[in-house]
Number of protein chains: 2
Amino acid sequence: MANLQDVARAANVSKTTVSRYLNGSLELPARTAEAIDTAIRTLNYSPNPHARRLSLGRSDTIALVVPDIATPFFATFVAAVEAEADARGLSLALHATLNRPDRELKYLDHIRQGHADGLIFITNHAGSRALAEKVNSGGPCVVVDEDIAEARVPKLFCDNAEGGRLAGRRLARAGHRHVLFIGGVDQMISGARRYAGFLEGMREIAGPDVRIERSCGPYTFEAGRAAAQAFVARGPDRPTAIFATSDELTIGLYEVLREAGLSIPRDVSVVGFDDVGPLHLFAPAVTAVRQPVRDLGRRALELLLAPPPVDPERLPPEELLPVTLIERESVAPPVGQTRRNTNSED
Amino acid sequence: MANLQDVARAANVSKTTVSRYLNGSLELPARTAEAIDTAIRTLNYSPNPHARRLSLGRSDTIALVVPDIATPFFATFVAAVEAEADARGLSLALHATLNRPDRELKYLDHIRQGHADGLIFITNHAGSRALAEKVNSGGPCVVVDEDIAEARVPKLFCDNAEGGRLAGRRLARAGHRHVLFIGGVDQMISGARRYAGFLEGMREIAGPDVRIERSCGPYTFEAGRAAAQAFVARGPDRPTAIFATSDELTIGLYEVLREAGLSIPRDVSVVGFDDVGPLHLFAPAVTAVRQPVRDLGRRALELLLAPPPVDPERLPPEELLPVTLIERESVAPPVGQTRRNTNSED
């Protein structure tokens, strides 16, 4: 494991400089600061957790606020934060807001009243100014998974646009030109970025000759079922493939397609997103964009414990973690069509 | 919704008597107390949540301590408690212990230092005297899912024995006489009771002519994979059916059987337990004993907020919630054998 000396050497500065930079007692020229930041990231350097802990505050407790806890995505994320907190000797207090703004504000107040020294926060209310104000006026905070537009704190997301592109390319390459996107609204970065990336990926392979329909809603079983029911009710002009952008949407979709007697991928192809639930055991196994959920959890806590920025006027960074496409059995060429563009490369 | 008057009428006492009984200021003869308890349960009466809240303490916060949070069972349980707490205007602080005794003790101390007014506790360390002492010496507490032998607080479990019986009868009725039980150790009531019920259910249908092998371990993917690998490695004398007593065990088992090219239920039948994950979409869909997870969550909070027992010397009650067998596609008669006893009734 890299130590302070390694970071100093890599950044071509003294140990004292790194140390004072890390504890916020030294302002450095932007280029020097960047060199140290790069060295820290490259070497995966983590400051002495005990020292870090003392600088946090008295409670040794981190709070984690999420909309829901019953979905595999959030549950796995929370477990990763818990494991990372444990490794650093910190306690974790988790609060689920049921995705309600009043409950979010209440828990934020509770936490700021000294019940925790830092906050990792996931909300679906991207546009809420009240939330942004509370986040900005309190102690250390990291916003994860979905944005809060006006929050001036470090933010950590998966690479939603790339996830969309991977799915778009995959379906276009299988020959699909008319597809259904089931996902979040444009106010949520996950919805906006996955959709934009998806369109881009389709066009990259198929040119302008693509038609994408969009069904917006929450990332729930119920929304997946509703979108699937609307799909099933349509005639022969319906799309030949579906991009369902959460595990819950995919599960609802699979249920309805099965009930309707539609076969995946013979009658319709499906690409999922998240890949936290056991999609590999489904009939058929789901081709899906996998989110790095455990990495998100680990990294969220690292960012929370990272030193505050030297220049408080500079916006904290937004960090993206990479996603991957897991190929399984739910994608095939559209009926009556042979595969096109199979020779294209990413 | 039933009110105090309804309860008083059903129990044949005055409203004042019920009220004083509920707030603990009146000792009643056992028979009268039971009549009120029965009326409350039958009418599904819930005391005024506001009044109840005031009697709890100052923080309006309930703590929930669970071993893990990444499994659908715990995640769904937590979500149910959260919803119930929200309906009563209470906050919830959740802590995951990673199933480690030191972390359990630490969180219990944290909670008892005034961070919460009540505790819902799930642990796998049934025999821990240190845990029992902390549970007994603190404020209101309910033990859920697994027992702590020496804890003298209300306890809430699913009907593990009945779940075992349902699975045993189902497999015996399909003709299986040699089966593998994958589950917890005898120190955990879930392990002991599911196994005892399973044996009972098999014998009930098949008489003494049954052979049950047992693979004990944690309720994890890894344990499911390990047990399945041992199963696959055996020759033709291996069991013809498997009872995998958690969703995670079932997922690990399915993975390995699929990798080994074994077909369910043609080569081996499977019955699962929990049925919280999307087992209905698996290939093949899993026949499983379903736990009433959301009811467990709701009822746990009700018990926590219930009035303390009139007689502190009497052991608090242990309550069991019913389970059901969900029939799907993973059970068939053993190879080369026609179904026996198909006319038997439960």
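Per chain, numbering begins at 1; letters A, B, ... match sequence-line order.
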Sequence neighbours excluded and cut-off under 3.5 Å, please list the side-chain donor-acceptor pairs for residues 269-278 of chain B, or say none.
residue   : atom : partner   : partner atom : Å
Ser269(B) : OG   : His176(B) : NE2          : 3.1
Ser269(B) : OG   : Ala332(B) : N            : 2.9
Ser269(B) : OG   : Ala332(B) : O            : 2.9
Asp274(B) : OD1  : Gln291(B) : NE2          : 3.0
Asp274(B) : OD2  : Asp247(B) : N            : 3.1
Asp275(B) : OD1  : Arg328(B) : NH1          : 3.1
Asp275(B) : OD1  : Arg328(B) : NH2          : 3.3
Asp275(B) : OD2  : Arg290(B) : NE           : 2.9
Asp275(B) : OD2  : Arg290(B) : NH2          : 3.1
Asp275(B) : OD2  : Arg328(B) : NH2          : 3.1

Quick one: does His95(A)'s side chain have a donor or acceptor within less than 3.5 Å of a partner on Leu92(B)'s backbone? yes
Residue Tyr107(A) versus chain B: region with a heavy atom under 4.5 Å: side chain
Side chain / backbone / both / neither for Ile251(A) at chain B, heavy atoms under 4.5 Å: both
Which one of Ala93(A), Ala96(A), Ala79(A), Pro284(A) has the most heavy-atom pairs closer than 4.5 Å to chain B? Ala96(A)
Asp102(A) CG to Asp86(B) CG distance, which is reported to the nearest 0.5 Å: 7.5 Å
Ranked by heavy-atom pairs below 4.5 Å to chain A, first place among Thr97(B), Leu98(B), Thr76(B) goes to Leu98(B)
Choice from His280(B), Arg258(B), Arg103(B) maximising heavy atom contacts with chain A below 4.5 Å: Arg103(B)
Check: His110(A) and Ser91(B) side chains under 4.5 Å, non-hydrogen atoms: no
Do Glu82(B) and Ile69(A) make a side-chain contact, defined as non-hydrogen atoms from C-beta onward lying under 4.5 Å apart? no
